[in-house]
Amino acid sequence: MKRLLSLRNVTKRFGGKVALSGATITLGKGEILGILGPSGAGKTTMLRIMGLLEPPTKGRVLFRGKAVSSEGDEALDSRRRIAMILQKPVVFKGTVAQNAVYGLKVRGVAPEEARERAEKALRGVGLEDVLDRHASTLSGGEVQRLAFARAAVTEPEVLLLDEFTANLDPANITILEKQVRDFGNGGGAVAMITHSVQQGRRLADRICLLLDGKIAEMERTEKFFESPATEEARDFVSGKMVW
C-alpha cells in the first residue's frame, strides 16, 4: 500500500494542555481510516494537523514521503491535494453550480472544463436537478452533499471527514457513504472521524482509537471489533466506556 500521508511522533499543545501526544499514523492510498474516541480525545486536532491546517508542536507531517509544514508555498501546494469536510460546512454565496465550481476556478481550470467536472460531481451526490438553485436554500443534507461534491471535484488525493454525516437522515447518509467508498476504491485516502461505531464498521479498513490525546489502539477494523488487544479498546467495543 502506497503511503500518502503520515504523522510521525506528533504532539500538539495548546498552552498547558496537551491535545495530542506522540501520535504516529500512516494513511495509505485507497485506504479508509476510521478515527474513534470520546469528545476531547484529540480527534479534530489530529485531522487538522493531517490537513496542514494546524502545525504540530513536536513531530513531523509527511505527504508522499516528504516532510511538509503548515506554512509557505510548499504547504499550499500539498494542502490543495487534501480536502476536508466538516460537520457543518459553509456554503458560498451563489448557486449550487457556482459553489461546486469554486475550487476549480481558483486553480485556473478553464470554465467549460470546470463546469463539466462540477456537474459530474453534483450528479454523483444527487444534486443534478438543483444546479441553478441558490445554495442557501438547500436542506442540511443537501448542503453536506454539496460540500462533498465541492471537495471531490478538485480530485484530492486525501479526504478528511470530521463527523460529516452527523445528524443526517439515512437517505443522505447512504448517498454520502457511497461517495466515500467510491473515493477510496478510486485510489484516494480517507481519514474519517465518526461517533457512529456502525459507520466505522461499515466504511473503515482500519480503526484508530484515540483516548486523552493518545492512540490507544490502531488495528484492522474486523480485528479491532472482534478481538481488541487493549483493555481500553475492549471497554470501548463492549460499551463500558462512556463517551
Side-chain angles (χ1 to χ4, degrees), residues 1-14 19-20 23-35 42-93 98-110 113-114 117-118 121 124-125 143-164 176 179-180 182-184 186-194 208 210:
M1 180 174 61
K2 186 175 182 181
R3 295 178 179 179
L4 285 181
L5 184 64
S6 302
L7 303 185
R8 291 288 181 265
N9 196 30
V10 164
T11 293
K12 180 64 181 180
R13 295 185 180 90
F14 294 100
L20 198 63
T24 294
I25 195 168
T26 295
L27 192 59
K29 185 177 175 65
E31 178 183 31
I32 300 175
L33 176 71
I35 303 173
K43 302 185 300 297
T44 297
T45 297
M46 173 183 279
L47 213 67
R48 287 181 57 81
I49 292 173
M50 284 179 158
L52 305 179
L53 299 174
E54 194 79 54
T57 305
K58 178 183 177 183
R60 299 188 301 160
V61 182
L62 287 80
F63 186 72
R64 289 186 164 274
K66 184 178 181 181
V68 291
S69 72
S70 59
E71 299 178 351
D73 293 340
E74 184 179 24
L76 179 60
D77 180 63
S78 297
R79 196 179 295 128
R80 283 179 170 171
R81 291 182 279 172
I82 302 170
M84 187 169 180
I85 302 176
L86 305 177
Q87 180 179 342
K88 295 181 179 179
V90 175
V91 294
F92 306 139
K93 291 182 179 180
Q98 288 169 337
N99 266 261
V101 84
Y102 178 80
L104 299 176
K105 183 179 179 180
V106 298
R107 287 166 171 78
V109 176
E113 179 187 346
R117 286 169 59 178
V125 296
V143 166
Q144 200 69 329
R145 285 188 274 151
L146 173 57
F148 193 98
R150 191 171 60 192
V153 75
T154 62
E155 299 178 348
E157 295 179 60
V158 177
L159 187 59
L160 306 176
L161 307 173
D162 192 351
E163 291 286 349
F164 77 117
L176 288 165
Q179 293 302 303
V180 173
D182 289 348
F183 183 84
V190 181
M192 173 187 72
I193 293 174
T194 180
C208 172
L210 270 181

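Atom NZ of Lys43 sits about 11.5 Å away from atom CG of Leu20, to the nearest 0.5 Å. In this structure, Leu5 CG and Leu33 CG are separated by 10.5 Å, a value rounded to the nearest 0.5 Å. Here the OG1-CD distance, from Thr194 to Glu163, works out to 5.0 Å after rounding to the nearest 0.5 Å. Leu160 contributes atom CG, which lies 7.5 Å from atom CG of Leu27 (distance to the nearest 0.5 angstrom).
Taking 4.5 Å as the limit, some side-chain heavy atom of Thr26 sits within range of a side-chain heavy atom of Ser6. Proximity of Leu7 to Ile25: side-chain heavy atoms (C-beta onward) are separated by under 4.5 Å at one or more points. Side-chain contact between Lys12 and Met46 is absent, with no heavy-atom pair separated by less than 4.5 Å.
In terms of heavy-atom proximity, Ala121 sits nearest to Val153 at CB-CB, 4.1 Å. The two residues Thr45 and Ala19 make their nearest non-hydrogen contact at OG1-CB, 3.9 Å. When all heavy atoms are compared, the tightest approach of Ala149 to Val125 is CB-CG2, 4.0 Å. In terms of heavy-atom proximity, Val101 sits nearest to Ala114 at CG2-CB, 3.4 Å. What you find for Ile35 and Ala191 is that their closest heavy atoms are CD1-CB, 4.3 Å. Counting all heavy atoms, side chain and backbone alike, Thr44 lies closest to Ile193 at N-CD1, 3.6 Å.
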Side-chain polar contacts of residues 48-60 - donor-acceptor pairs under 3.5 angstrom, sequence neighbours left out - could you list them?
unit_1, atom_1, unit_2, atom_2, d
Arg48, NE, Glu54, OE1, 3.4
Thr57, OG1, Arg13, N, 2.9

**OP:** Output, in order, the C-alpha distance, side-chain angles, deciding distance and verdict of side chain to side chain contact (heavy atoms under 4.5 Å, CB included) for Val61 and Val68.
**Re:** CA-CA 6 Å; Val61 182; Val68 291; 4.2 Å; yes

**OP:** With side chain to side chain contact (heavy atoms under 4.5 Å, CB included) as the test, would you mind laying out the steps for Glu157 and Lys29 before giving the verdict?
**Re:** CA-CA 8 Å; Glu157 295 179 60; Lys29 185 177 175 65; over 6 Å; no

**OP:** With side chain to side chain contact (heavy atoms under 4.5 Å, CB included) as the test, would you mind laying out the steps for Arg64 and Leu4 before giving the verdict?
**Re:** CA-CA 5 Å; Arg64 289 186 164 274; Leu4 285 181; 4.2 Å; yes

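Under the rule for a side chain to side chain donor-acceptor pair (under 3.5 Å), the partners of Lys66 that lie at least two apart in sequence or sit in another chain are Glu74. Under the side chain to side chain contact (heavy atoms under 4.5 Å, CB included) criterion, Val180 pairs with Ile32, Phe148, Leu161, Phe164, Val190, Leu203, sequence neighbours left out. Every residue was checked against the side chain to side chain donor-acceptor pair (under 3.5 Å) condition with Gln87, not counting sequence neighbours, and none meets it. Checked against side chain to side chain donor-acceptor pair (under 3.5 Å), Gln179 has no partners two or more places apart in sequence or in another chain. Applying the side chain to side chain donor-acceptor pair (under 3.5 Å) criterion to Asp77, with sequence neighbours excluded, gives Arg81. Scored by the side chain to side chain contact (heavy atoms under 4.5 Å, CB included) test, Val91 finds Asn99, Ala135, Val143, Leu146 as partners (sequence neighbours excluded).
Residues Arg117 and Thr154 have side chains that never bring a donor and an acceptor to within less than 3.5 angstrom of each other.
One N or O on the side chain of Thr24 and one on the backbone of Asn9 form a donor-acceptor pair closer than 3.5 Å. One N or O on the side chain of Arg107 and one on the backbone of Gly103 form a donor-acceptor pair closer than 3.5 Å.
Screening residues 56-92 for ring pair (Phe, Tyr, Trp, His ring centres under 6.0 Å), with sequence neighbours left out, gives Phe92-Tyr102.
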